[in-house]
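Values below: every heavy atom of this structure, side chains too, minus hydrogens, waters and symmetry copies.
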Amino acid sequence: MHHGARVQSGAAPRVWRWTRWLITGVLGVVLAGCNNNPLPDGAAASNTLYTAVSGSSPRHLDPTASYWSNETPYTYQIYEPPYGYHYLKRPFELIPKAAEAVAQPRYLDKAGRPLPADAPAADIAESVYDVHIKPGILFQPHPAFAVDAQGQHLYHAMKPGDLGDRRSPWAFEHMGTRELVAEDYVYAIKRHATTRVTTPIFGIFAEYVVGLKEYGERIKAEDVKLRAGISAAALDKPFLDFRRWPLAGATAPEKHLLRIRIKGKYPQWNYWMAMTFLAPVPWEADAFYAQPGMAFHGLSLDRWPVGTGPYMMTEYVQDRRHVMKRNPNYRGEAYPCVGMPGDKEAGLLDDCGKTMPFIDTLVSTIEKEGVPLRAKFRQGYYDIPRIERVDDGMEFLVEMDDSADVRRDYIERGFQLPKFADVSSYYIGFNMLDPVIGRGDTPEQQVRHRKLRQAISIAIDWEEYSRIFPKSAGETAMGPLPAGLFGSRHGQPEGINPVTHQLVDGKPVRRPIADAKRLLAEAGYPDGRDAASGRPLVLNYDFYSQPSPEARSQIDWMVKQFAKIDVQLEVRATDNNQFQDKVRQGKHQIYASGWLADYPDAENFLFLLYGPNAKSTSDGENTSNYANPEYDRLFAQLKDVDDGPQKQALIDQMTAIAQRDAPWSFGHFPYSSGAFQSWVHNAKPAMLVRDMARYYRIDANARVARQAEWNHPVWWPLWLGLGALAGVVALAARSLRRRERLDARGALLP
């Protein structure tokens, strides 16, 4: 009996321990299944904005290199160029940011003598911009600024191995700051001549900033000296200190005075000073990140920017998560008190005069797929799907149009989905170097080829496109300029494209297919066949991405547009890199493209058709390689003219030339629509306003309530789990009783 009792006392605890572990595990899994909240506990109640980023982490946060839209959610919250755009006013209005005022240039002739403000552009040798920087602005805390009692930088003389396991600026013990001065902007302009990072704007800046082109050549030579004996593949490179070499076109005559000298007259220069290419770069940050081991461990301006703006990067987890927190050194700016008609009624002036930013933390989560991203927004876990996008709202609007139930649900949830036409364009272009559809070598060919392009432009029914593809819809374009820019005639009777449309009862109506077929016959292709050889006309559509199911339907639609005039369209789908190679060689024929405004000026769109800017011969942005001497002559004048009647006349003439020559089927100006939860205040999206986060305000209490309302715990998994658990416990008890009986019998046996 004693032996059998010992067996029972050892087996029972083991069985019950196993059962307890099983119960704990099952309950944990079941309860986790009842909670679908991807945010940490208590996150909804915090003063934090949650948003997503598609695909991957930003490639460049260095302001010299950054030029992609998905980088702007970070760069424009962290850096401060001299200027920005008024958050509420339309058309867009430049306002000072780090500068005290938007500077008006003073003009000089070739002898350096002052000229009046209305001097002819031909007489102006230089435009001088004196930009006064606000005193007292401080950089964010950063170890690059940390100094000892003697004023020596603590972390500017690190040796190999000193970095240790630090992988973030926040891993350093000491932080520092200093005042923003004009020299930081001078340093930033010089830095566009660097050989160390990609510099997408150096070519443009070198064309205008006095001496910058020559400065670039000098920097190349100086860098060769610095890197003598160092492998080209080495990540650690000596500090390239731009303070050592002066640049005539960018100086700081006073501590808070930035002077920029521009060749000739270039009114668009002020717009560049609203972009992060002109954000200040402190030399200390450049020196800090140039030290041994920094590049290898991802410590650089590309990941860890150093700015004066309202936010600073505090967490960077590659392809997973990025966190920006309020910069404790930020001075604060007042929310605007003036807007557009309707802004007051929409609540956009409720925070008039209050100090920004309103939000403490911005959290961006990398989302690989669109479906979970949108689902989390519908559940209330994202306040804005993607903070930088102005097209996310279109999908929700289309869903509302497709279903009354969805419409009712979205309205009840209070989703804000403002829709508007922004400063962007989408078009089909023709390569003017192509022997079939291009300019042509003889006057006769030029006429025939022009009529072929005109016929195609009529046939591509962009009004139908917007009806069939509402997620990509827009307002049909009559020319290259969207509304919102000075000189645009979009939406006006005088702005109609006479090649593709005619006025009927005061409204533009696309010309009939019969007109397109007539032009096609005059071009030498009656019924879509070459009049001389009888062969069918086959044209090539170079599509620069692999055709996904969504893209395939749009490609099929395009093929049908050409078929309406009996022209065969062959699709040549490639990836973007292959397409770019083909374009540089001038081997493309028909292609799709679009343009997002860099700044709100007609020049930024009209230069896409400027001959010297041809892609295949000059690596510019004129992908159609269009060249018309008269258009180019007018464009050269346009660049030097301020807004006014003269500029309007030039734009009208250039638009008429482009309409007649038809280097593009002008396509449409895509609709923009943001998506915001009801508890996000001050939402007014626009493509050009990229420092939007400082204006947003979150009602965290409302968010907590709505998340709870929209996401009731799902109890059936719990009941199912408990039922399964009860079965497991019953089986365990039965097994235990059987074991006890067997053990008891064993103890009674001799």
Side-chain angles (χ1 to χ4, degrees), residues 67-69 200-201 203-204 207 423-440 446 449-450 452-454 456-457 460 462 472 474 477 479-482 497 539-547 551 554-555 558 561-562 569-599 601-629 631-632 635 638-639 654-655 657-670:
Y67 202 12
W68 291 94
S69 178
I201 297 300
I204 295 175
E207 184 180 347
V423 282
S424 63
S425 68
Y426 181 81
Y427 58 89
I428 295 295
F430 309 112
N431 178 17
M432 301 300 282
L433 301 179
D434 183 79
V436 176
I437 206 166
R439 182 174 185 270
Q446 291 170 15
H449 292 190
R450 182 170 65 242
L452 171 59
R453 296 190 301 272
Q454 290 175 345
I456 295 171
S457 296
I460 302 178
W462 292 104
S472 306
L481 294 184
N497 183 350
L539 299 175
N540 297 307
Y541 181 35
D542 293 289
F543 191 77
Y544 57 88
S545 68
Q546 294 302 324
Q554 297 190 20
I555 293 173
M558 188 62 67
Q561 303 307 295
F562 283 73
L569 187 67
E570 295 289 338
V571 179
R572 302 190 294 194
T574 63
D575 63 31
N576 188 51
N577 290 335
Q578 292 172 319
F579 174 75
Q580 293 299 335
D581 288 341
K582 185 183 293 187
V583 162
R584 290 189 187 96
Q585 297 172 40
K587 294 181 178 180
H588 58 306
Q589 192 172 54
I590 300 173
Y591 66 96
S593 190
W595 186 254
L596 310 178
D598 287 317
Y599 46 83
D601 191 271
E603 183 255 5
N604 192 234
F605 283 84
L606 296 175
F607 89 121
L608 298 172
L609 294 171
Y610 180 49
N613 200 31
K615 173 70 77 174
S616 302
T617 56
S618 304
D619 201 24
E621 295 297 338
N622 178 359
T623 308
S624 284
N625 300 303
Y626 174 64
N628 179 298
Y631 182 98
D632 292 345
F635 182 82
L638 178 78
K639 293 192 299 180
M654 294 170 68
T655 300
I657 292 171
Q659 289 171 335
R660 184 200 65 195
D661 284 352
W664 297 350
S665 170
F666 286 103
H668 67 271
F669 303 129

Exercise for the section: May I ask you to decide if the ring planes of Y631 and F635 are parallel, tilted or perpendicular, using 30° and 60° as cut-offs? Expected result: parallel
Practice task
Fit a plane to each ring of W462 and Y426, take the angle between them on a 0 to 90° scale, and name the class: parallel (under 30°), tilted (30 to 60°) or perpendicular (over 60°).
Solution key: perpendicular
Min side-chain heavy-atom separation [X]-[Y] under 4.5 Å:
X    : Y    : value
T655 : P480 : yes
N622 : F607 : no
Q589 : E570 : no
P663 : L609 : yes
Q446 : R439 : yes
V423 : Y599 : no
P482 : W595 : no

Practice task
Determine, stepwise, if the pair D434 / N540 fulfils side-chain contact (heavy atoms from CB on, under 4.5 Å).
Solution key: CA-CA 11 Å; D434 183 79; N540 297 307; over 6 Å; no
Exercise for the section: Could you point out which residue of F669, F666, W664 forms a ring pair (Phe, Tyr, Trp, His ring centres under 6.0 Å) with Y427? Expected result: W664
Problem - R450 atom CZ, neighbour heavy-atom count above 12 within 6.0 Å - result: yes
Practice task
Run the numbers on Y610 and L606 for side-chain contact (heavy atoms from CB on, under 4.5 Å), then give the verdict.
Solution key: CA-CA 7 Å; Y610 180 49; L606 296 175; over 6 Å; no
When you measure from the side chain of [X] to the backbone of [Y], do you find a donor-acceptor pair of N or O atoms at a distance under 3.5 Å?
X    : Y    : value
Y626 : L608 : no
S618 : P612 : yes
N604 : A597 : no

Practice task
Could you check I590 against M558 for side-chain contact (heavy atoms from CB on, under 4.5 Å), going step by step and ending with a plain yes or no?
Solution key: CA-CA 11 Å; I590 300 173; M558 188 62 67; over 6 Å; no
Handout entry: side-chain contact (heavy atoms from CB on, under 4.5 Å) between I428 and I456, intermediate numbers included
Key = CA-CA 10 Å; I428 295 295; I456 295 171; over 6 Å; no
Practice task
Sequence neighbours left out, what passes salt bridge (charged side-chain N to carboxylate O under 4.0 Å, His left out) with D661? Give chain and number order.
Solution key: none
Exercise for the section: Determine the minimum heavy-atom distance between N625 and A614, stating which atoms define it. Expected result: OD1-CB, 3.5 Å
Practice task
Work out which heavy atom in L481 is nearest to a heavy atom in F605; give both atom names and the distance.
Solution key: CD2-CB, 3.7 Å
Practice task
Supply the atom-to-atom distance M654 CE to D632 CG, rounded to the nearest 0.5 angstrom.
Solution key: 8.0 Å
Completion exercise
Interatomic distance, CD1@I437 vs OG@S624, rounded to 0.5 Å, equals 10.0 Å
Handout entry: Option passing side-chain contact (heavy atoms from CB on, under 4.5 Å) with R584 (candidates K587, K582, H588, Q580)
Key = Q580
